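Below is one structure, written out as structure tokens, with a few remarks after it.
Quick caveat, the model's predicted, so the values are computed rather than measured. Only this structure's heavy atoms are used, side chains among them; waters, hydrogens and symmetry mates stay out. Numbers restart at 1 for each chain; the letters A, B, ... are given by sequence-line order, proteins then strands.
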Amino acid sequence: MSSLQPVRGTHDLMFDDMRRHRHIEAVALEIAGRYGYGEIATPVFEFTEVFTRTLGDTSDIVTKEMYTFTTKGGESITLRPEGTAGVARAFITGGLAQQTPLKFFYRGPMFRHERPQKGRQRQFHQIGAELIGVAGPQADVEVIALAAHILKELKVAGTITLQLNSLGDVESRLAYRDVLVKYLSERRDQLSEESRARLERNPLRVLDSKDPGDQAAIKDAPRFTQYLNEASTTFFREVQDGLTALDIAFTLNPSLVRGLDYYSHTAFEFTTDALGAQGTVLAGGRYDGLIKDMGGPQTPGIGWAAGIERLSMLLSDLAPAKRPLAVIPVGAAEERPAELLTAELRRAGFSVDLGYGGNMGKRMKRANKVSAIAALILGEDEVKNGVVTLRNLDSGEQSSVPRTELMAQLKPFA
RNA sequence: GCGGGUGUAGCUCAGUUGGUUAGAGCAUCUGGUUGUGGUCCAGAGGGUCGCGGGUUCGAGUCCCGUCACUCGCCCCA
């Protein structure tokens with residue numbers, strides 16, 4: 001392996017890839033703005049504790065996927081594997097508890113040491129939204145509506161469905177946890193090794209397993225919905241009613257258990273059938289305990305994150321970039337006048353390509369290659385007569401335009 | 001972390017039961033056209049066959065290892 005290869009699971013983004021990323025970010029940011037979100041950028045690395053305390057000691061991300069290193073000063077630092085922990089930390093650091101509700105939108109790279117696949121990289125990019133300080137279900141509805149709105153505006157391909165579940169409040173979850181552990185323990189020998197480990201540490205995750213043995217064991221397990229207390233049930237009902245009122249379709253999925261430990265109540269996931277195994281395009285949920293767990297004041301929150309690379313794969317082709325004008329000097333004597341004309345046109349707002357040498361034929365070829373919409377040819381005669389030859393590169397029509405009329409004549413190409 | 005597939009020119013790929021100088025299309029460059037591109041014609045350059053080792057008189061082809069990509073498991077965005 002050459003050391004000039006990019007690190008496994010990382011990619012260079014250029015030109016068209018970047019345009020797609022920017023488009024997704026721009027659309028998301030604009031829509032989020034309509035919902036009152038302001039942008040936040042937290043550092044790409046934090047003290048390791050920020051993640052271990054919030055994501056939970058049992059989550060896969062913490063136990064096997066973090067890029068953690070020790071600095072020269074002996075501090076343990078981790079490249080952020082997700083965005084919520086950093087935003088919550090910033091919320092506490094900034095003493096923002098007095099200013100709730102607050103709405104944060106973020107975008108940027110995340111890092112997870114996973115085995116790369118289609119739609120799964122070690123450095124990838126997310127957009128995300130967090131609404132902090134609203135305990136009621138209308139927050140859940142609005143946050144999900146924002147997500148749905150962005151996906152709709154991006155016109156992503158394939159069938160996207162919204163899966164919805166409730167993880168209940170702490171009381172409900174503890175009650176259910178006891179019942180579930182008891183049930184699963186009785187069928188311990190049917191469970192996969194992975195699930196047996198989870199039984200001790202995070203039993204709800206067993207419900208998420210696709211292992212056939214686990215599936216069979218889970219089949220008649222007590223349903224969480226039966227153990228939701230009244231408050232949790234009402235909350236979940238109101239979320240569903242709110243979504244229905246907004247005409248946002250969803251599917252209830254009792255086995256939807258988020259991988260991160262900080263979630264409670266609403267959990268949701270927008271999935272597609274168009275990306276193979278990596279079907280989750282946007283996911284999130286409510287995290288009422290997170291900020292307090294981190295050492296801040298008790299503050300409810302809800303949010304989501306979406307993978308830009310995955311969205312990008314679902315995006316149809318972007319509108320082509322703005323086509324430039326090509327300025328073409330015929331001989332050495334016209335180089336300087338061509339540079340001046342180019343500068344003038346750029347100041348006037350045009351995108352202009354000025355070739356870098358070669359005879360006229362070569363420069364015309366280059367104009368074609370950069371898909372220029374028109375060529376402005378400047379030769380000895382043109383300079384002498386104060387005109388430029390304007391050639392429409394699509395139609396081949398060509399005319400001599402006095403410099404004084406040039407800007408007006410170029411209007412159709414702007 | 002586990003299992004399967006793939007790796008030949010810048011790109012997409014072909015390469016017979018192992019056998020001489022490894023091919024095509026596209027792209028690039030040059031010329032036809034020293035003030036006119038996109039079409040066309042002619043020609044040229046470009047490959048340690050992912051990397052390392054092994055078997056063999058001989059390896060792109062077979063074997064082992066390794067790296068990367070890819071599909072699935074897992075996990076998730």
Side-chain angles (χ1 to χ4, degrees), chain A residues 1-11 24 55 59-65 80-84 107-128 147 151 192-195 197-198 205 208-212 214 256-260 269-272 275-284 303-314 326 328-334 353 355 358-383 389-398 400:
Chain A
M1 181 193 74
S2 162
S3 61
L4 291 180
Q5 283 196 314
V7 173
R8 184 173 198 198
T10 66
H11 293 283
I24 290 163
L55 305 182
S59 71
D60 282 26
I61 289 180
V62 168
T63 54
K64 44 194 181 193
E65 294 176 3
R80 63 180 183 195
E82 57 96 47
T84 303
R107 51 177 164 172
M110 306 293 165
F111 306 86
R112 293 183 198 173
H113 191 104
E114 295 185 276
R115 178 128 176 200
Q117 264 184 52
K118 184 188 183 70
R120 189 211 273 175
Q121 302 162 216
R122 290 184 173 180
Q123 176 174 343
F124 61 103
H125 299 79
Q126 288 187 333
I127 50 175
L151 292 175
S192 65
E193 197 179 328
E194 183 80 28
S195 288
R198 283 185 179 143
R205 294 288 308 287
D208 215 9
S209 174
K210 286 170 194 157
D211 179 271
D214 290 348
L256 175 63
V257 183
R258 314 271 43 244
L260 311 179
E269 213 166 281
F270 287 84
T271 59
T272 176
L275 288 180
Q278 269 61 241
T280 303
V281 147
L282 183 154
W304 53 257
I308 297 181
E309 282 82 356
R310 290 185 185 177
L311 288 171
S312 183
M313 287 189 286
L314 296 173
I328 297 181
V330 172
E334 288 81 45
D353 184 79
N359 60 25
M360 190 176 175
K362 274 189 184 154
R363 292 187 192 229
M364 287 297 286
K365 274 188 179 156
R366 175 175 168 82
N368 209 52
K369 204 162 85 180
V370 299
S371 60
I373 190 164
L376 296 162
I377 299 162
L378 213 51
E380 196 181 346
D381 296 344
E382 284 87 347
V383 171
T389 297
L390 174 61
R391 181 179 178 87
N392 182 319
L393 290 174
D394 290 336
S395 67
E397 282 172 44
Q398 187 166 307
S400 185

Could you give the [atom1]-to-[atom2] distance, from [X] to [N], as a whole number of Å?
X	N	atom1	atom2	result
A/R112	B/rC76	CZ	P	8 Å
A/M110	B/rA77	CE	P	10 Å
A/R310	B/rA77	CZ	P	8 Å
A/L390	B/rU36	CG	P	18 Å
A/E309	B/rC76	CD	C1'	14 Å
A/R391	B/rG37	CZ	P	8 Å
A/K118	B/rG72	NZ	C1'	14 Å
A/F270	B/rC76	CZ	P	18 Å

List for me each residue that meets ring pair (Phe, Tyr, Trp, His ring centres under 6.0 Å) alongside A/H11, sequence neighbours excluded, and say none if there are none.
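For A/H11 there are no ring pair (Phe, Tyr, Trp, His ring centres under 6.0 Å) partners, ignoring immediate neighbours.
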
Expressed in whole Å, how much space separates the [atom1] atoms belonging to [N] and [M]?
N	M	atom1	result
B/rC62	B/rG25	C1'	30 Å
B/rG10	B/rG45	C1'	13 Å
B/rG23	B/rC67	C1'	27 Å
B/rA9	B/rG60	C1'	14 Å
B/rU39	B/rA27	P	7 Å
B/rA42	B/rU48	P	29 Å
B/rC73	B/rA14	C1'	34 Å
B/rG32	B/rU17	P	47 Å

Closest-nucleotide 5' rank along RNA chain B - winner of A/E65 and A/D394:
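That would be A/D394.
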
Take A/M360 and A/Q121, find for each the nucleotide of RNA chain B with the closest heavy atom, and name the residue whose nucleotide sits nearer the 5' end.
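Closest to the 5' end, via its nearest nucleotide, is A/M360.
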
Report which part of the nucleic acid [X] touches: base, sugar-phosphate, or nothing (heavy-atom distance under 4.0 Å, all strands).
X	result
A/R363	nothing
A/E334	nothing
A/A367	nothing
A/G396	base
A/G9	sugar-phosphate
A/G331	nothing
A/I377	base
A/L393	base

Atom pairs under 3.5 Å: protein N/O with N/O of nucleotides 1-6 of chain B:
{"from": "B/rC2", "atom 1": "N4", "to": "A/R115", "atom 2": "NH1", "distance (Å)": "2.8"}
{"from": "B/rG3", "atom 1": "O6", "to": "A/R115", "atom 2": "NH2", "distance (Å)": "3.3"}

Determine the minimum heavy-atom distance between [X] and [Y], stating which atoms define it.
X	Y	answer
A/Q126	A/R112	NE2-NH2, 4.1 Å
A/E269	A/A283	CG-CB, 3.7 Å
A/P116	A/G9	CG-CA, 3.9 Å

So for atom CD, which belongs to A/E380, do other residues, nucleotides or ligands contribute more than 12 heavy atoms lying within a distance under 6.0 Å?
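No, because the 6.0 Å sphere around CD of A/E380 holds 12 heavy atoms or fewer from other groups.
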
Check against side-chain hydrogen bond (donor to acceptor under 3.5 Å, both in side chains), A/E382 and A/T389:
CA-CA 7 Å; A/E382 284 87 347; A/T389 297; 2.5 Å; yes

Hey, are the side chains of A/P81 and A/M110 touching, using non-hydrogen atoms and a 4.5 Å cut-off?
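When only atoms from C-beta onward are counted, A/M110 and A/P81 do not touch, as no gap falls below 4.5 Å.
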
Which nucleotide in the list B/rA77, B/rC71, B/rU36 gets nearest to the side chain of A/T389?
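When the side chain of A/T389 is considered, B/rU36 is the closest of B/rA77, B/rC71, B/rU36.
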
Base-pairing string, 5' to 3', of RNA chain B - Watson-Crick or wobble, under 3.5 Å, | interstrand:
(((((((..((((.....[...)))).(((((.......))))).....(((((..]....))))))))))))....

Could I get the full list of salt bridge (charged side-chain N to carboxylate O under 4.0 Å, His left out) partners for A/R120, not counting sequence neighbours?
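A/R120 satisfies salt bridge (charged side-chain N to carboxylate O under 4.0 Å, His left out) with A/E114 once adjacent residues are dropped.
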
Counting distance alone, no hydrogens or angles: does the base of B/rG37 have a donor or acceptor under 3.5 Å from a partner atom on the side chain of A/N368?
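It does, because a donor-acceptor pair links the side chain of A/N368 to the base of B/rG37 below 3.5 Å.
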
Hey, is the side chain of A/E382 pairing donor to acceptor with the base of B/rG35 inside 3.5 Å?
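Checked by distance alone, the answer is yes.
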
Would you list the protein and nucleotides 27-31 of chain B atom pairs, both N or O, that sit under 3.5 Å from each other?
{"from": "B/rU30", "atom 1": "OP1", "to": "A/K362", "atom 2": "NZ", "distance (Å)": "2.8"}

Can you name the atoms? Protein N/O to nucleotides 39-46 of chain B N/O, anything below 3.5 Å, with the distance.
none

